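Quick notes on the structure that follows.
Fair warning: this is a prediction, and the values are worked out from it, not measured in the lab.
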Amino acid sequence: MEDKEKSLNFIEQIIVDDLKTDKHQGNVHTRFPPEPNGFLHIGHIKAICINFETAAKYGGRTNLRFDDTNPVTEDTSYVEAIQKDIKWLGFDWEDRLYFASDYFDALYEFAQELILKGLAYVDDSTSDEIASMKGSPSEAGIESPYRNRSVEENLSLFRGMKNGDFQDGSKVLRAKVDMGAPNLLMRDPLIYRIKHAHHHRTGDKWCIYPMYDFAHGQSDSIENITHSLCSLEFIHHRPLYDWFIEKLEIFPSRQIEFARMNVEYMITSKRKLLQLVDNGLVSGWDDARMPTVAGLRRKGYPAAALRAFCDKAGVAKRENLIEFDLLESCVRDELNRVSDRAMVVVNPLKVIITNYPENKYEDLEALDNPEDENSGSHLIPFSKEIYIEREDFMEDPPKKYFRLGPGRAVRLKSAYIIQCEGFKKNENGEVEEVYCTYIANSKSGEDVSGVKAKGTLHWVSVKHAITCELRILDHLFTDPTPDSHEDRNFLDFYNKDSMTIATAHMEPWLNKAVLGKHYQFMRNAYFALDQDSTDDHKIFNRTVALKASWGGK
RNA sequence: UGACUCAUGGUGUAAUGGUAACACUACGGUUUUUGGUACCGUCAUUCAAGGUUCGAGUCCUUGUGAGUCAACCA
């Protein structure tokens with residue numbers, strides 16, 4: 001138990017109050033209800049965390065329920081992908097995997113019940129007619145000419161709809177609420193439509209399908225969901241949600257809306273994400289730049305970091321735009337704990353250690369992860385010629401530059417202290433080689449030299465280094481809210497430098513890099529092995545750069 | 001024009017009528033065989049105007065601003 005009391009968000013307040021009044025005999029049951037028609041993204045992650053974590057906090061459970069009431073857009077392949085993503089995020093719905101389509105029979109009965117109560121009717125109006133009779137926010141709607149059909153006629157017509165007697169679009173079932181209601185959704189909403197379409201689970205059993213409003217709340221009720229958490233956009237649906245529960249006299253689930261999370265430089269519109277894929281601006285839904293779970297995972301963001309991020313972003317009802325910095329902060333925090341450290345040189349500059357024997361090499365030991373006491377170590381070969389970063393040497397360095405320069409000494413990480421004795425330039429005036437001497441008794445861990453070096457550099461042995469590919473990932477867009485500009489298309493803000501490729505020299509140990517593990521290339525950034533790698537060509541995605549507190553020059 | 005939400009530092013979230021707090025960012029500093037990490041410090045009288053109260057970010061009224069709603073989508 002934590003001794004510090006963390007304040008509750010407004011949803012937790014509601015739950016605590018319900019617990020106090022014993023509203024549901026101490027039960028807390030939530031659900032995550034994705035529609036299987038697309039891939040999960042950062043916005044879903046927030047919803048998943050809120051649903052699973054809130055329930056868990058109060059000893060409750062969370063169901064996974066696919067909201068599959070529209071057969072024309074949904075598919076089983078998404079069902080698999082979504083489950084994989086939720087598991088990866090670290091959540092478990094145990095044996096509570098449900099589908100709204102499991103309830104089609106029950107929903108059909110509910111509809112008949114409503115008809116019997118004179119609270120639903122079959123409408124023969126066209127889609128356009130229904131829309132025009134709906135009215136507008138400022139003017140009341142008009143009642144449909146079919147609104148007062150008899151219960152018997154409605155019942156028989158609805159059965160006819162179910163039996164396939166009518167064509168798509170020719171009839172709908174509507175709830176009889178109030179065409180004058182200020183809330184448009186209460187103006188006799190459609191609850192069943194005819195769709196002669198094959199459903200991914202129920203096949204051809206049905207040719208009528210319930211609309212969201214007639215499926216979601218009832219599904220919640222059937223599953224005894226106590227707190228149905230959804231985003232603010234559904235707030236206008238709540239009166240309808242409650243209306244059906246009241247009229248049907250079923251379990252009183254309660255819908256609670258929270259503001260969805262917006263993150264700088266990310267978009268979550270399914271349609272727009274698809275455009276990126278279709279236009280070839282990304283390689284697919286799992287491109288490491290995509291805000292999808294698959295993309296974030298591929299980029300190297302750990303599930304724990306994503307969970308921490310959602311937690312720190314908080315829960316409330318106001319519009320928000322979370323800074324990308326917070327996400328990166330959470331990612332670094334987690335990665336610092338779990339990443340193995342390695343040395344990789346991106347822009348090589350050759351250093352020749354003049355007093356080191358020509359053919360000698362030694363294996364130097366380096367801790368895999370100094371932040372983790374239980375981590376092991378690995379060996380790094382050291383020899384006469386090494387690469388350091390070009391930016392780690394300056395011909396005429398300023399005073400605050402802690403790296404290599406003529407006459408200066410630096411520590412080579414896990415190795416020796418070296419002293420710069422000179423350098424050579426090529427015909428273009430660029431530094432080509434740097435000459436150093438090493439201090440033999442300054443070996444890492446057994447340094448008795450007494451020499452103090454302010455800076456520490458990473459390096460690789462020229463002879464032993466292996467070439468690899470680095471994919472440097474940046475924001476997909478140049479604007480923090482690319483789809484918020486009325487006069488500009490979000491694609492105008494596509495960042496053409498969102499992925500740049502670099503070739504680098506890595507220490508041999510990295511050839512054993514594993515998919516799903518995280519690596520810190522010291523003094524540079526965190527990287528994760530990409531799935532495109534092969535045995536002799538390793539590819540790493542830059543997850544996030546290390547913080548840099550020195551600007552240079 | 002209607003209804004429904006919301007309004008606290010640069011960002012996000014707290015403060016449940018009683019001294020505006022925490023995190024991220026930014027900027028300083030300490031430590032360091034990663035200019036990383038860790039640690040310390042600095043940065044807001046709460047949209048406006050009235051009202052209730054001994055006391056208001058919190059309650060009431062009126063404004064102002066922002067968002068959402070008129071798919072046989074979810």
**Asked** Among all residues two or more places apart in sequence or in another chain, which pass the side chain to side chain contact (heavy atoms under 4.5 Å, CB included) test with A:Pro71?
**Response** A:Lys195, A:Ala197, A:His199, A:Tyr209
**Prompt:** Can you name the side chain to side chain donor-acceptor pair (under 3.5 Å) partners of A:Asp123, sequence neighbours left out?
**Reply:** A:Ser125, A:Ser144, A:Arg174
**Message:** Quick test of the criterion, 5.5 Å between centres and less than 30° between planes. Is A:Tyr212 stacked on B:rA74 or not?
**Reply:** no
**Complete:** With sequence neighbours left out, the residues meeting ring pair (Phe, Tyr, Trp, His ring centres under 6.0 Å) with A:His196 are none
**Prompt:** Can you pull the salt bridge (Lys or Arg N to Asp or Glu O under 4.0 Å) pairs that have at least one residue in residues 259-275 of chain A, sequence neighbours excluded?
**Reply:** A:Lys272-A:Asp483
List every contact pair, protein side and nucleotides 13-17 of chain B side both N or O, where the distance is under 3.5 Å.
from   : atom 1 : to       : atom 2 : distance (Å)
B:rU13 : OP2    : A:Arg318 : NE     : 3.2
B:rU13 : O3'    : A:Val315 : O      : 3.4
B:rA14 : OP1    : A:Val315 : O      : 3.2
B:rA14 : O2'    : A:Ser7   : OG     : 2.7
B:rU16 : N3     : A:Gln13  : OE1    : 3.1
B:rU16 : N3     : A:Gln13  : NE2    : 2.9
B:rU16 : O4     : A:Gln13  : OE1    : 3.4
B:rU16 : O4     : A:Gln13  : NE2    : 2.0

**Request:** Please work out if A:Lys452 contacts a base, only the sugar-phosphate, or nothing of the nucleic acid, heavy-atom cut-off 4.0 Å.
**Result:** nothing
**Message:** Please list all pairs meeting salt bridge (Lys or Arg N to Asp or Glu O under 4.0 Å) that have one or both residues in residues 65-75 of chain A, counting only residues at least two apart or in different chains.
**Reply:** A:Arg65-A:Asp220, A:Arg65-A:Glu223
**Asked** Tell me, what's RNA chain B's dot-bracket, Watson-Crick or G-U with both distances under 3.5 Å, | for other-strand, [ ] crossing?
**Response** .((((((..((((....[..)))).(((((.......)))))....(((((..]....))))))))))).....
Short N/O separations, protein against nucleotides 1-4 of chain B, under 3.5 angstrom:
from  : atom 1 : to       : atom 2 : distance (Å)
B:rU1 : O2     : A:Ser138 : OG     : 3.2
B:rG2 : N3     : A:Pro137 : O      : 3.3

**Prompt:** Ignoring hydrogens and angles, does a donor from either the side chain of A:Ser444 or the base of B:rU33 sit under 3.5 Å from an acceptor on the other?
**Reply:** yes
**Fill in**
For residues 307-331 of chain A, the ring-ring contact (aromatic ring centres under 6.0 Å, His included) pairs (sequence neighbours left out) are A:Phe324-A:His475
**Request:** Kindly write out the residues that satisfy side chain to side chain donor-acceptor pair (under 3.5 Å) with A:Ser377, not counting sequence neighbours, or none if the list is empty.
**Result:** A:Glu365
Strictly under 3.5 Å: I want the nitrogen or oxygen pairs between protein and nucleotides 37-44 of chain B, one per line.
from   : atom 1 : to       : atom 2 : distance (Å)
B:rU37 : O2'    : A:Asn336 : ND2    : 3.0

**Request:** Taking side chain to side chain contact (heavy atoms under 4.5 Å, CB included) as the test, write out the residues that go with A:Asp178, two or more places apart.
**Result:** A:Ala181
